[in-house]
Amino acid sequence: MNDLTPTPQERTAKLKGLGTSRKRVEDARFTQGKGNYVDDIKMPGMLHGDFVRSPYAHARVKSINADAARALPGVIAVLTAADLAPLNLHWMPTLAGDRQMVLADGKVLFQGQEVAFVVATDRYVCADAIELVEVDYEELPVVTDPFKALEPGAPVLREDLAGQTSGAHGARRHHNHIFLWETGDEAATNQAIEAAEVVAEEMIYYHRVHPCPLETCGCVASMDKVNGKLTVFGTFQAPHVVRTVASLLSGIEEHNIRVVSPDIGGGFGNKVGVYPGYVCSIVASIVTGKPVKWIEDRMDNLMATAFARDYWMKGRISATKDGKITGLHCHVTADHGAFDACADPTKFPAGFFHICTGSYDIPVAYVGVDGVYTNKAPGGVAYRCSFRVTEAAYFIERMIEVLAIELGMDAAELRAKNFIRKDRFPYTSALGWEYDSGDYHTAWDKALAAVDYAGLRREQAERVAAFKRGETRKLLGIGLTHFTEIVGAGPVKNCDILGMGMFDSCEIRIHPTGSAIARLGTISQGQGHATTFAQILATEIGLPADSITIEEGDTDTAPYGLGTYGSRSTPVAGAATAMAGRKIRAKAQMIAAWLLEVHDGDLEWDIDRFVVKGAPERFKTMKDIAYAAYHNAIPGIEPGLEAVSYYDPPNMTYPFGAYVCVMEIDVDTGTHEVRQFYALDDCGTRINPMIIEGQVHGGLTEALAIAMGQEIAYDEIGNCKNSTLMDFFLPTAVETPHYTTDYTETPSPHHPIGAKGVGESPNVGGVPAFSNAVHDAFRAFGLRQAHMPHDHWRIWKIANQLGLHG
Amino acid sequence: MGKTMHIALTVNGEAHELLAEPRELLIYVLRERLNLTGPHAGCETSHCGACTVEMNGKSVKSCTVFAAQANGATITTIEGLGSPDSLSVLQQSFREHHGLQCGYCTPGMITRAHRLLQENPDPTEEEVRFGISGNLCRCTGYQNIVKAILAAAATINGAKEAAE
């Protein structure tokens with residue numbers, strides 16, 4: 001040892017492992033415009049495909065005449081359902097066990113539905129040809145309201161299901177009914193509520209929205225008829241699932257299909273589903289023998305792929321008169337649109353909505369969800385949330401506020417009174433979930449102290465008094481949320497998608513000179529996996545993160561995994577990464593023992609090396625060991641240093657957080673200003689604080705959009721009213737407030753490194769925080785519930801209906 | 001296919017001539033003919049700004065500029081703002097301050113920020129927020145983008161002062 005020997009701190013720092021705000025390795029290419037997104041892909045002879053779409057929400061397709069389109073120079077083919085039917089590809093299975101038309105088969109069921117697929121030499125010819133396709137429609141009565149859809153005389157939407165009294169999720173009681181999914185003890189819940197001293201009842205609507213990533217969906221399909229190989233590049237959040245589904249549908253053996261997710265320009269759940277564009281591109285490539293590119297435009301994206309939410313949640317919550325919650329009952333009318341294409345684990349047609357008891361110790365609860373068909377786009381994706389968790393969090397966080405009003409109690413106090421106590425974890429909820437860890441009171445107290453909650457309430461009371469005296473026209477709202485998420489699906493025993501178990505994977509190869517490549521079954525869409533997974537590994541195997549390449553998204557090279565959504569990358573693939581790293585370390589220990597001529601058990605791991613116990617000067621670094629693994633003939637040990645781990649998590653993880661939004665509302669214009677937003681997140685062990693903070697900023701901004709203006713609305717004849725960015729609210733830098741982030745750290749006891757996942761927390765917690773702020777501003781004037789989005793006009797209307805405009 | 005016209009334009013200092021339909025959008029001329037895939041199409045209605053480039057000294061949304069309108073223009077795209085060996089201050093600052101996530105808006109955002117700092121070398125936070133309000137980002141919530149642009153302005157101004 002001398003002065004030049006690095007200290008343990010220096011050796012740790014050099015790794016840039018867990019807990020460091022390592023700068024992102026992805027940024028070099030993105031900041032120089034050198035990303036590789038699907039629309040950047042060009043192949044020799046590549047054709048373009050695009051859809052003729054239905055202008056009607058419900059109509060019979062009497063005829064399609066594509067002669068003029070086919071005659072246009074540059075048009076190669078026009079595909080209709082009649083062309084796909086012989087291949088049995090005119091319909092496709094959905095992720096929810098229903099089926100969906102790939103191209104209109106006799107009728108259309110929503111505006112924007114795919115009717116014909118035009119293939120041409122370039123996108124301009126495609127657009128011209130689409131105009132030349134003549135479709136003769138006969139309009140049918142339209143239903144866009146899920147309650148009306150269930151009335152006895154409602155139009156029959158899904159004629160293909162005529163006579164089917166049960167579907168993938170049990171009995172259907174009406175021609176537009178999909179399923180009733182129930183959990184909990186309804187009789188006991190009703191009994192608790194009927195016997196209660198105080199009951200609050202409310203209908204909470206979480207409106208239809210859309211993930212709207214900046215890059216729309218698309219793909220390039222290329223059938224190489226010489227080699228019999230199909231390659232599909234596309235915006236896939238789950239490339240391995242796409243390969244398996246493509247193989248099952250097409251009959252092409254899985255080894256002959258290569259699915260590649262290149263760089264993805266944001267996903268947020270939009271890119272989990274399988275869309276007609278993918279199927280048609282593949283068919284068109286098989287038919288023409290040429291690569292075919294399909295890229296949605298923004299209207300296609302907002303009208304046809306992947307809406308989210310649209311849950312009408314009728315709640316009843318009961319309590320003792322001093323505020324101890326005794327029961328929760330919830331019935332949801334879920335508008336699934338024309339086809340049930342929700343992206344949920346198969347056994348959970350309402351996703352994990354039954355996390356709706358939230359952060360509270362509620363002794364008895366019941367949830368029933370009725371899925372309904374309407375003339376709206378299919379989807380029901382988890383928009384930056386883990387399968388209906390955001391609906392659940394919004395529901396309970398609104399019900400808590402309504403109960404606080406009923407009780408005449410402070411909403412922060414009511415929450416604290418009912419939190420699951422730290423000593424109750426692992427905690428089994430009334431609806432059957434086992435919460436892994438939590439310390440809600442600590443987080444809550446920290447949040448309330450950080451914003452000076454008592455001071456804010458005093459200011460609010462003064463403001464109300466000043467308003468009543470006519471001295472101000474602005475009200476102050478304090479929006480509170482304490483959310484608990486359930487992410488990281490999931491244990492294979494109860495989480496699968498179409499029978500594919502939701503494990504994930506990591507495969508590591510250490511190179512002889514002490515660098516490495518690791519491949520995973522997930523795919524980043526902006527989360528920075530290439531940065532963070534290398535950090536997990538750096539800490540596990542003692543090689544610098546800068547010497548570790550992370551690769552994802554190519555099914556020919558990456559191990560099988562279920563992809564990235566539902567905040568599952570860190571909880572599942574992150575765990576696989578740590579476990580694979582530990583396998584590497586176990587072999588490395590044997591190699592080090594041989595090199596040092598000691599017994600395995602005489603060594604201990606020290607940051608980046610194995611050291612002989614009691615003799616710190618005798619060690620072998622991971623770099624030394626890597627070389628020896630390949631080039632020393634070690635008796636009884638195979639050459640090489642590689643490992644694979646497929647990780648099936650024993651449980652999901654339960655991140656949580658405490659958010660406070662302070663909002664100024666102008667009663668006369670309905671405009672709002674977020675004066676302060678404080679977000680405390682507990683995602684267990686923190687891998688990269690810089691990236692966590694970035695995820696929180698982004699998720700909160702999506703929550704702001706949803707709560708304060710974003711919606712996919714339909715008029716009575718099924719016209720989509722928000723199909724461009726003119727009508728669909730995405731906040732700019734001007735509307736977006738400044739956020740303050742904070743954290744507590746309660747590791748998951750079952751995750752190898754204790755991490756829980758964070759990408760979706762800010763959306764899940766943010767929406768109720770913004771919405772509760774609006775409600776809270778008007779609480780003193782009698783407001784109980786006003787549906788989102790809280791755009792200026794709707795806020796003005798609240799004030800008007802409360803008589804505040806004089 | 002309609003009639004084509006002869007178009008000459010200078011992109012990132014290089015002169016190009018091509019035949020294009022007048023209706024062809026500048027974004028596709030850049031991306032598909034000149035292989036400059038930095039600018040992206042996000043909406044084709046000039047709302048999102050992913051396609052932002054500089055044309056004759058102004059930020060434009062190249063998804064709503066016809067090829068015909070770009071005839072004779074001088075254009076700078078993200079590819080012209082720095083090179084792998086010498087990243088621009090803004091490019092470095094976006095990385096340093098985590099001003100990007102999925103990267104799809106980033107080329108347009110940096111190109112816009114570049115022009116903004118030409119127009120207003122020492123902007124306030126409010127001026128930066130207003131100045132980039134034609135560019136949407138779905139990932140970052142803008143906070144770190146704003147931080148990156150303000151830090152870049154400080155670096156550039158500091159270097160200028162040091163040189164003087």
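With chain B as partner, the option from A:Leu302, A:Asp263, A:Leu725 having the largest number of non-hydrogen pairs under 4.5 angstrom is A:Leu725. Chosen from B:His47, B:His98, B:Arg138, the residue pairing most often with chain A at heavy-atom distances under 4.5 Å is B:Arg138. Between chain A and the residues B:Met109, B:Arg31, B:Glu79, B:Glu44, the most heavy-atom pairs under 4.5 angstrom are made by B:Arg31. Of the residues considered (A:Gly35, A:Cys212, A:Gly74), A:Cys212 shows the highest number of contacts with chain B, using heavy-atom pairs under 4.5 Å. Note: B:Cys43 leads B:Pro107, B:Cys43, B:Gly38 in heavy-atom pairs under 4.5 Å with chain A. For the set B:Thr37, B:Thr45, B:Ile132, the count of heavy-atom pairs under 4.5 angstrom toward chain A peaks at B:Thr37. Residue with the most contacts toward chain B among A:Met299, A:Glu735, A:Glu702: A:Glu702 (heavy-atom pairs, distance under 4.5 Å). Interface check for chain B: of the options A:Gln525, A:Arg24, A:Gln527, the most heavy-atom pairs under 4.5 Å are formed by A:Arg24. Across A:His697, A:Lys34, A:Glu296, the residue that shares the most heavy-atom pairs under 4.5 angstrom with chain B is A:His697.
Contact record, A:Pro731 with B:Leu136: O-CD2, 3.7 Å, taken as the closest heavy-atom pair. Considering every non-hydrogen atom in both B:Gly141 and A:Thr736, the closest pair reads O-CG2, 3.4 Å. Residues B:Arg129 and A:Val734 share a closest heavy-atom pair of O-CG2, 3.5 Å. The minimum heavy-atom distance linking A:Asp128 with B:Arg23 is given by the pair OD2-NH2, 2.7 Å. Across all non-hydrogen atoms, the minimal contact from A:Leu214 to B:Ala50 is CD2-CB, 4.3 Å.
Under the 4.5 Å side-chain criterion, counting only non-hydrogen atoms from C-beta, B:Gln101 is in contact with A:Gln695.
For A:Arg29, no part lies near chain B; criterion is any non-hydrogen pair under 4.5 Å. With a 4.5 angstrom heavy-atom cutoff, B:Asn35 touches chain A only via side-chain atoms. For a residue to count as touching a neighbouring chain, one of its non-hydrogen atoms must lie under 4.5 Å from one of that chain's; by this rule B:Ser88 does not touch chain A. With a 4.5 Å cut-off on non-hydrogen atoms, B:Glu24 touches chain A through its backbone and its side chain both. Both the backbone and the side chain of B:Ser133 come within less than 4.5 Å of a heavy atom in chain A. Interface residue A:Pro211: only backbone heavy atoms are found under 4.5 Å from chain B. Contacts between A:Tyr124 and chain B at a heavy-atom distance below 4.5 Å involve backbone atoms as well as side-chain atoms. Only the backbone of A:Ile264 comes within contact range of chain B, judged by heavy atoms closer than 4.5 Å. Only the side chain of B:Tyr142 comes within less than 4.5 Å of a heavy atom of chain A; its backbone N, CA, C and O stay farther away. Of the atoms belonging to A:Tyr739, heavy atoms from both backbone and side chain fall under 4.5 Å from chain B. A:Thr701 touches chain B through its side chain: at least one heavy atom from C-beta onward sits under 4.5 Å away, while N, CA, C and O do not. Heavy-atom distances place no part of A:Ile295 under 4.5 Å from chain B, backbone and side chain included. Contacts of A:Lys23 with chain B are made by both backbone and side-chain atoms, with heavy-atom separations under 4.5 Å. The parts of B:Pro84 that come within reach of chain A are both its backbone and its side chain, each placing non-hydrogen atoms under 4.5 angstrom from that chain. With a 4.5 angstrom heavy-atom cutoff, A:Met726 touches chain B via backbone and side-chain atoms both.
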Taking it one step at a time, do B:Glu32 and A:Lys42 satisfy salt bridge (Lys or Arg N to Asp or Glu O under 4.0 Å)? CA-CA 8 Å; B:Glu32 295 181 356; A:Lys42 251 189 180 179; over 6 Å; no
In sequence, state the C-alpha distance, the side-chain angles, and the governing distance for A:Asp39 and B:His40, and then conclude on side-chain contact (heavy atoms from CB on, under 4.5 Å). CA-CA 9 Å; A:Asp39 199 18; B:His40 299 129; over 6 Å; no
Run the side-chain contact (heavy atoms from CB on, under 4.5 Å) test on B:Cys102 and A:Phe30 for me, step by step, so that the C-alpha distance in whole Å, both residues' side-chain angles and the decisive distance to 0.1 Å come before the verdict. CA-CA 8 Å; B:Cys102 81; A:Phe30 292 150; over 6 Å; no
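With values rounded to the nearest 0.5 angstrom, B:Leu25 atom CG is found 9.5 Å from A:Arg123 atom CZ. The CD atom of B:Glu96 lies 10.5 Å from the CG atom of A:Asp27; values are rounded to the nearest 0.5 Å. The distance from atom OG1 of A:Thr31 to atom CG of B:Leu90, rounded to the nearest 0.5 Å, is 10.5 Å.
Surrounding CD of B:Glu126 are at most 12 heavy atoms belonging to other residues, nucleotides or ligands under 6.0 Å away. For A:Met43, the CE atom counts as densely surrounded, since its 6.0 Å shell holds more than 12 non-hydrogen atoms of other residues, nucleotides or ligands.
With B:Tyr104 contributing its side chain and A:Pro213 its backbone, the two residues share no donor-acceptor pair below 3.5 Å. Proximity of a side-chain donor or acceptor of A:Arg298 to a complementary backbone N or O of B:Gly42 within less than 3.5 Å is detected.
For the side-chain contact (heavy atoms from CB on, under 4.5 Å) test with A:Gln32, the passing option among B:Thr106, B:Leu81, B:Leu87, B:Ile110 is B:Leu87; the others fail.
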